[in-house]
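Heads up, the thing below is written out as structure tokens.
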Amino acid sequence: MIKATATINEKTYKIPMSYKEITLDKFKAIQDFLYSDHNKERTEQIVNSKVTDEEDMLNFMIEFINYVTDIPLKELKLVRRFSKDDELGIEDLFYAMTFLFAVPIIENPTPAETLGDYHFIDKIDLNQAILKDLNFIEYTEANSVIRAFNNLEKGKYEYLNMLMGIMYRPKIKKGWFGKALIEEYDSEKVKERAKEFDSLDMHTVWNCLFFFTQLKTKSLQSISKSLEEEVVKVQQDYQDKIGI
């Protein structure tokens with residue numbers, strides 16, 4: 001079994017063993033590496049267990065280990081292919097990190113209620129918000145959530161920190177005796193603080209995302225339909241107004 005560290009030529013390197021040890025920023029970079037033009041086919045071979053060129057795949061393993069752990073390539077090329085006794089092997093080291101090739105399974109996701117000064121918006125019912133009177137803020141918030149989710153489904157993980165910025169916001173207190181409420185959605189503020197979430201570990205991000213997905217799946221479907229119907233309605237009203 002691979003340990004959380006590996007010693008090569010008397011130097012110790014940290015080996016990530018779970019998403020708790022991978023930041024959102026690092027995860028996005030790794031996905032860019034895996035699905036670059038150079039590596040996409042190799043990645044799909046690993047995911048589908050259909051390796052066609054063994055030598056090329058071993059080179060890919062070394063490149064991947066180097067990218068994730070910063071162990072120099074020249075050091076990795078001197079490591080055994082298979083582990084033996086206490087001596088590390090390239091393949092075992094590589095497969096210990098293949099959790100990075102897949103979305104984890106989290107049956108009971110539990111998002112953090114707060115992240116620093118930011119609070120999770122799980123109490124906001126986007127479905128009701130979009131249907132009750134469709135004010136500008138509610139419309140743009142719902143539309144942004146849908147857009148972020150649609151991009152995530154396409155494997156565009158750079159939208160993860162945007163989605164985190166929508167889901168986690170500060171509480172704003174109005175007046176001396178006013179109750180602190182979650183900040184209203186503002187696309188510019190979300191964009192400004194999105195980068196702040198890049199340092200979060202992916203275990204925290206996945207828990208938040210999975211919980212939000214479960215909570216909002218039906219709402220998002222209703223919102224998408226409502227947005228389409230509203231656009232059609234606005235267009236029809238406009239046409240009626242100008243007499244088309």
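Along the sequence shown, residues carry numbers from 1. Below, all heavy atoms of this structure are taken into account, side chains as well, without hydrogens, waters or symmetry copies.
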Query raised in the report: Is any side-chain heavy atom of Ile15 closer than 4.5 Å to a side-chain heavy atom of Met97?
Result: yes
Requested in this report: Ignoring hydrogens and angles, tell me if any N or O in the side chain of Gln45 forms a donor-acceptor pair with the backbone of Thr52 under 3.5 Å.
Outcome: yes
Requested in this report: Compare every heavy atom of Phe27 with every heavy atom of Ile22, then report the nearest pair and how far apart it is.
Outcome: CG2-N, 3.7 Å
Query raised in the report: Between atom CD1 of Ile172 and atom CD of Glu184, what is the distance when rounded to the nearest 0.5 Å?
Result: 10.0 Å
Requested in this report: List the atom of Phe120, the atom of Cys208, and the distance in Å for their closest heavy-atom pair.
Outcome: CE1-SG, 3.4 Å
Report task. May I ask you to decide if the ring planes of Phe99 and Tyr19 are parallel, tilted or perpendicular, using 30° and 60° as cut-offs? Result -> perpendicular
Query raised in the report: Going by heavy atoms in the side chains, are His119 and Pro170 under 4.5 Å from each other?
Result: no
Report task. Mark yes or no for whether Gln31, through its side chain, and Phe101, through its backbone, hold a donor-acceptor pair below 3.5 Å. Result -> no
Query raised in the report: If every non-hydrogen atom of Ala194 is compared with every non-hydrogen atom of Met162, which pair is closest and at what distance?
Result: CB-SD, 3.8 Å
Query raised in the report: Hey, are Thr7 and Thr12 close enough side-chain-wise for a donor-acceptor pair under 3.5 Å?
Result: yes
Query raised in the report: Of Leu93, Leu73, Ile71, which is the lone residue that meets side-chain contact (heavy atoms from CB on, under 4.5 Å) with Ile62?
Result: Leu73
Query raised in the report: How long is the gap from OH on Tyr95 to CE on Met61, to the nearest 0.5 Å?
Result: 3.5 Å
Report task. Keeping the roles fixed (side chain from Arg80, backbone from Gly89), state whether a donor-acceptor pair exists under 3.5 Å. Result -> no
**Report entry** For Thr23 against Met202, the heavy-atom pair lying closest together
**Finding:** O-CG, 3.8 Å
Query - Heavy-atom side-chain contact between Leu100 and Val68 under 4.5 Å - result: yes
Query raised in the report: Less than 4.0 Å between a side-chain N and a carboxylate O, is that true for Arg81 and Glu91?
Result: yes
Report task. Spell out, as yes or no, whether a donor-acceptor pair under 3.5 Å connects the side chain of Thr43 to the backbone of Leu34. Result -> yes
Report task. With ring-ring contact (aromatic ring centres under 6.0 Å, His included) as the test, would you mind laying out the steps for Trp206 and Phe211 before giving the verdict? Result -> CA-CA 8 Å; Trp206 286 130; Phe211 180 84; over 10 Å; no
Query raised in the report: Taking the inter-plane angle between the rings of Phe197 and Tyr168 on a 0 to 90° scale, is it parallel (under 30°), tilted (30 to 60°) or perpendicular (over 60°)?
Result: tilted
Query raised in the report: Could you go step by step and tell me if Lys171 and Glu183 meet the salt bridge (charged side-chain N to carboxylate O under 4.0 Å, His left out) rule?
Result: CA-CA 5 Å; Lys171 283 189 175 181; Glu183 175 188 84; over 6 Å; no
Query raised in the report: Regarding Lys26 and the six-membered ring of Tyr67, is the cationic atom NZ or CZ under 6.0 Å from the ring centre and inside 45° of its axis?
Result: yes
Requested in this report: Report yes or no: do Tyr118 and Glu196 form a side-chain donor-acceptor pair below 3.5 Å?
Outcome: yes
Query - Straight-line distance of Glu21 CD to His203 NE2, nearest 0.5 Å - result: 11.5 Å
Query raised in the report: Among the clusters formed by ILVMFWY side chains lying less than 4.5 Å apart, do Phe33 and Val47 turn up in the same one?
Result: yes
Query raised in the report: Quick one: do Asp198 and Lys28 make a salt bridge, cutoff under 4.0 Å?
Result: yes
Report task. Check the surroundings of atom CD1 in Ile105: do more than 12 heavy atoms from other residues, nucleotides or ligands lie under 6.0 Å from it? Result -> no
Report task. List the steps, then state whether side-chain contact (heavy atoms from CB on, under 4.5 Å) holds for Thr98 with Phe64. Result -> CA-CA 10 Å; Thr98 51; Phe64 177 75; 5.6 Å; no
**Report entry** Leu76 CG to Thr69 OG1 distance, which is reported to the nearest 0.5 Å
**Finding:** 6.0 Å
Requested in this report: Evaluate the side-chain contact (heavy atoms from CB on, under 4.5 Å) criterion for residues Ile8 and Tyr13: first the C-alpha distance (whole Å), next the side-chain angles of each, then the deciding distance (0.1 Å), finally the verdict.
Outcome: CA-CA 8 Å; Ile8 301 175; Tyr13 299 92; 4.2 Å; yes
Query raised in the report: Is a side-chain donor or acceptor of Asn39 paired with a backbone partner of Arg42 at a separation under 3.5 angstrom?
Result: no
**Report entry** Value rounded to 0.5 Å, distance of NZ in Lys191 from CG in Asn161
**Finding:** 12.5 Å
Report summary line: d(Met164 CE, Ile166 CD1) to nearest 0.5 Å is 11.0 Å
**Report entry** Residue Glu75 excluded, over 12 heavy atoms near CD under 6.0 Å
**Finding:** yes
Requested in this report: Step by step, work out the side-chain contact (heavy atoms from CB on, under 4.5 Å) result for Lys40 and Tyr35.
Outcome: CA-CA 4 Å; Lys40 183 178 180 180; Tyr35 290 94; 4.1 Å; yes
Requested in this report: Decide side-chain contact (heavy atoms from CB on, under 4.5 Å) for Tyr157 and Asp32; before the verdict, give the C-alpha distance in whole Å, the side-chain angles of both, and the deciding distance to 0.1 Å.
Outcome: CA-CA 9 Å; Tyr157 290 108; Asp32 288 342; over 6 Å; no
**Report entry** Distance-only polar pair, side chains of Thr204 and Asn207, donor-acceptor under 3.5 Å
**Finding:** no
Query raised in the report: Near Asp117 CG, under 6.0 Å, is it more than 12 heavy atoms from other residues, nucleotides or ligands?
Result: no
Query raised in the report: Do the charged groups of Lys50 and Glu44 touch, with an N to O distance under 4.0 Å?
Result: no
**Report entry** For the student: nearest non-hydrogen atoms of Asp92 and Ser83, plus distance
**Finding:** OD2-OG, 2.7 Å
Query raised in the report: With side chains defined as the heavy atoms from C-beta onward, is the minimum distance between Phe94 and Leu58 less than 4.5 Å?
Result: no
